[in-house]
Amino acid sequence: MSQELSENEYRNQRIQNMEQLEAAGYPAFGKAFERTARLDELHASFEEGRGVKACGRIVAMRKMGKMAFAHLNDGSAKFQLMVKKDILGDEIFAAFKLLDLGDIIGVEGEMIVTQTGEPTIRIASWTLLSKALLPLPEKWHGLQDVETRYRQRSLDLIANPDVMEVFKKRTAVMRAIRAYLDARGYYEVETPMLQQIAGGAAAKPFMAHYNALDIDVFMRIAPELYLKRLIVGGMDRVYEMNRNFRNEGLDRTHNPEFTALEIYQAYGDMRTMQELIQGMFTHLAETIFGKMEFEWMGNTIDLRTPWREVAYHDLIREHLGADWFERSLEEAVAKAEELEVFIEKGMDFKQVTHEIYDKTIEGSLIQPTFITRLPKELVPLANHCPDDPDLVDVFELIIGGKEIAPAYSELNNPLEQRKRFEEQAKGDGGKIDEEFLVALEYGMPPTGGMGIGIDRLLMLLTGSDAIRDVILFPQLKPKS
RNA sequence: GGGCCGGUAGCUCAGUCGGUAGAGCAUUUGACUUUUAAUCAAAGGGUCCCGGGUUCGAGUCCCGGCCGGCUCACCA
């Protein structure tokens, strides 16, 4: 690799330029530089005639015989520099012309407005802060190659301001979520990433080995069981926003490590969570994006509340006919075939119904929709509805045809919980989390809980069609 | 995992019927004191993803592989 690079013509030229600059008294990798302000702040506080110090990467350069214009970018904004031979003197001006696109410099000068009206720093002196040995992508197409963008995110961020903008929004959203929850008395906690039993969800975990104890451990697939143990302990409003790891395929909406927000509130239920999420999403949309309508995957999504709520069975009837639940299995299968939904042999009526829901109905729910009162078979860890033991008291929030957040009135009956774990363990041979069950036996108050896929939320808010566009370093196969 | 599409200069992309590898930007040299896709003149720059095959001759055709994108399926 380094061999290839050293043979690169561009790199060699830049090393030569670097040597000439060093010979002229400009060390290639300089010291800290104290600037007056970031470039976006300089734009905001522009005042003709004021002396300023600024720094950043040279992203454009227009050299003329006795003067030059350049644009500096420090990640916050661009700012134009005017460089004049009669101000700097022959030697310093000549050295400036040795700079390459991509070099990082610090300048001192006076703020002026050019003939074309652009705020500019007319520099009186400059210093080299860091030499760039590799050339930047082309100036108006930027870096397009998707693979290179993900593999070399630094370059992507330099070349594509839109990308920088998305990740600044990501930070802003996460900060705002924390502030929103903190202000309402929720404690942010951290629970184990390395777990001996990977519980709280049904997913294949990553494994690791812990040498000191000589045991295999799992990367967590969800923090749920630990957070509920904190509810038992009396932390009655907790949340964790952190990474989960699932050892499954990757595609446009799945990355093996992803960020989930889980929130639990004692003495609440799924209704509590319903109010919380509507309030929170509205707040994010208004304060960070200044709008309530978002373009996502070809649809316009309106986040104005209240969002539609519909019971699962009503939704099915709406799409498949008011008499759907009076039909026979054969009739249901026939309908599935008509809708081109593949049905495996041996499925019962409920499974066929859900398969049709999954393949044809869920994707059609573009505007935010809470689906409530799900069949208990679909959601094993929730309390049932007070008026119907066959249904669970939960919602699934669907936006843009995608599941964004499930919420439950959490199961707090330890005997029932044990029964369900045992059934589940029979199926996949998994272990039962006894410590969690012991905690439940001390009594967990009625609790509302919710999980939000932060990456998918960000896809929606930033109009990104791929999860890789909202994760700085998405998982890729090694190139070699 | 299946299907389709893509990988050519640092970047963005062309490349016809199989016949000497192309453009713009970038780079180098020269001119140029208000440019902003600066301009003008000239020059240099290639493991055509990798490995086989067909052919007098392969960026191009065939086979295999790698990486990526889209999509379907699987998993949940």
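Order of the sequence lines fixes the chain letters, A, B, ..., with proteins taken first and strands second; residue numbering starts at 1 for each chain.
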For [N], give the paired nucleotide (Watson-Crick: N1-N3 plus N6-O4 or O6-N4; G-U: N1-O2 and O6-N3; both under 3.5 Å), or none.
{"N": "B:rG68", "value": "B:rC5"}
{"N": "B:rA38", "value": "none"}
{"N": "B:rA26", "value": "none"}
{"N": "B:rG51", "value": "B:rC63"}

Go through [options] for me and flag the one nearest to the [X] side chain.
{"X": "A:Lys97", "options": "B:rA26, B:rC32, B:rG44", "value": "B:rC32"}
{"X": "A:Leu101", "options": "B:rA26, B:rU28, B:rC11", "value": "B:rA26"}
{"X": "A:Lys204", "options": "B:rC75, B:rC11, B:rU33", "value": "B:rC75"}
{"X": "A:Arg62", "options": "B:rG45, B:rU35, B:rG10", "value": "B:rU35"}
{"X": "A:Glu147", "options": "B:rU34, B:rC67, B:rA76", "value": "B:rC67"}
{"X": "A:Met64", "options": "B:rG10, B:rA76, B:rU35", "value": "B:rU35"}
{"X": "A:Arg151", "options": "B:rG68, B:rC25, B:rU71", "value": "B:rG68"}
{"X": "A:Tyr10", "options": "B:rU35, B:rC75, B:rG10", "value": "B:rG10"}
{"X": "A:Glu138", "options": "B:rU34, B:rU33, B:rG24", "value": "B:rG24"}

Pairwise distance CE(A:Met459) to CD1(A:Ile471) - rounded to 0.5 angstrom:
9.0 Å

Between [atom2] of [N] and [atom1] of [X], the distance in whole Å:
{"X": "A:Asn160", "N": "B:rC11", "atom1": "CG", "atom2": "C1'", "result": "11 Å"}
{"X": "A:Leu250", "N": "B:rG1", "atom1": "CG", "atom2": "C1'", "result": "14 Å"}
{"X": "A:Arg456", "N": "B:rA76", "atom1": "CZ", "atom2": "C1'", "result": "11 Å"}
{"X": "A:Glu355", "N": "B:rC75", "atom1": "CD", "atom2": "C1'", "result": "12 Å"}
{"X": "A:Met61", "N": "B:rA26", "atom1": "CE", "atom2": "C1'", "result": "13 Å"}
{"X": "A:Leu381", "N": "B:rA76", "atom1": "CG", "atom2": "C1'", "result": "14 Å"}
{"X": "A:Gln144", "N": "B:rG6", "atom1": "CD", "atom2": "P", "result": "18 Å"}
{"X": "A:Glu344", "N": "B:rA76", "atom1": "CD", "atom2": "C1'", "result": "13 Å"}

Over all strands shown, is [X] touching base, sugar-phosphate only, or nothing at heavy-atom distances under 4.0 angstrom?
{"X": "A:Lys84", "answer": "base"}
{"X": "A:Asp358", "answer": "base"}
{"X": "A:Arg122", "answer": "nothing"}
{"X": "A:Arg252", "answer": "sugar-phosphate"}
{"X": "A:Lys85", "answer": "nothing"}
{"X": "A:Asp86", "answer": "base"}

Please name the residue in the list A:Glu416, A:Glu422, A:Glu423 that meets the salt bridge (Lys or Arg N to Asp or Glu O under 4.0 Å) test with A:Arg420.
A:Glu416

Has A:His313 got more than 12 heavy atoms of other residues, nucleotides or ligands less than 6.0 Å from its NE2?
yes

Determine whether more than 12 heavy atoms belonging to other residues, nucleotides or ligands lie under 6.0 Å from atom NZ of A:Lys169.
yes

Examine [N]: is either OP1 or OP2 under 4.0 Å from a nitrogen or oxygen in the side chain of [X]? Give yes or no.
{"X": "A:Asn12", "N": "B:rG45", "answer": "no"}
{"X": "A:Lys63", "N": "B:rA38", "answer": "no"}
{"X": "A:Lys477", "N": "B:rC67", "answer": "yes"}

Determine whether any donor atom in the side chain of A:Gln80 lies under 3.5 Å from an acceptor atom in the base of B:rU35, or the reverse, and answer yes or no.
yes

Starting from the C-alpha separation in whole Å, work towards a yes-or-no answer on side-chain hydrogen bond (donor to acceptor under 3.5 Å, both in side chains) for A:Tyr150 and A:Asp469.
CA-CA 8 Å; A:Tyr150 296 144; A:Asp469 292 326; 2.8 Å; yes

I'd like the [atom1] distance from [M] over to [N], given in whole Å.
{"N": "B:rA76", "M": "B:rG10", "atom1": "P", "value": "46 Å"}
{"N": "B:rC63", "M": "B:rA23", "atom1": "C1'", "value": "33 Å"}
{"N": "B:rG1", "M": "B:rU8", "atom1": "P", "value": "24 Å"}
{"N": "B:rA26", "M": "B:rG68", "atom1": "P", "value": "32 Å"}
{"N": "B:rG53", "M": "B:rU60", "atom1": "C1'", "value": "15 Å"}
{"N": "B:rG64", "M": "B:rG3", "atom1": "P", "value": "10 Å"}
{"N": "B:rC11", "M": "B:rC72", "atom1": "P", "value": "32 Å"}
{"N": "B:rC48", "M": "B:rU39", "atom1": "C1'", "value": "33 Å"}

Candidate list A:Glu262, A:Arg229, A:Arg220, test side chain to side chain donor-acceptor pair (under 3.5 Å), partner A:Thr191, passing option
A:Arg220

Let's go through A:His71 and A:Glu118 carefully: what are the C-alpha distance in whole Å and the side-chain angles of both, what is the deciding distance for side-chain hydrogen bond (donor to acceptor under 3.5 Å, both in side chains) to 0.1 Å, and is it a yes or a no?
CA-CA 11 Å; A:His71 271 100; A:Glu118 180 165 350; 2.8 Å; yes

When the aromatic ring centroids of A:Tyr357 and A:His354 are compared, is their separation below 6.0 Å?
yes

Comparing A:Thr148 and A:Lys359 on RNA chain B - which has the more 5′ nearest nucleotide:
A:Thr148

Quick check on RNA chain B: between A:Ala203 and A:His141, whose nearest nucleotide comes earlier from the 5' end?
A:His141

If every non-hydrogen atom of A:Ser409 is compared with every non-hydrogen atom of A:Asp393, which pair is closest and at what distance?
OG-OD2, 2.6 Å

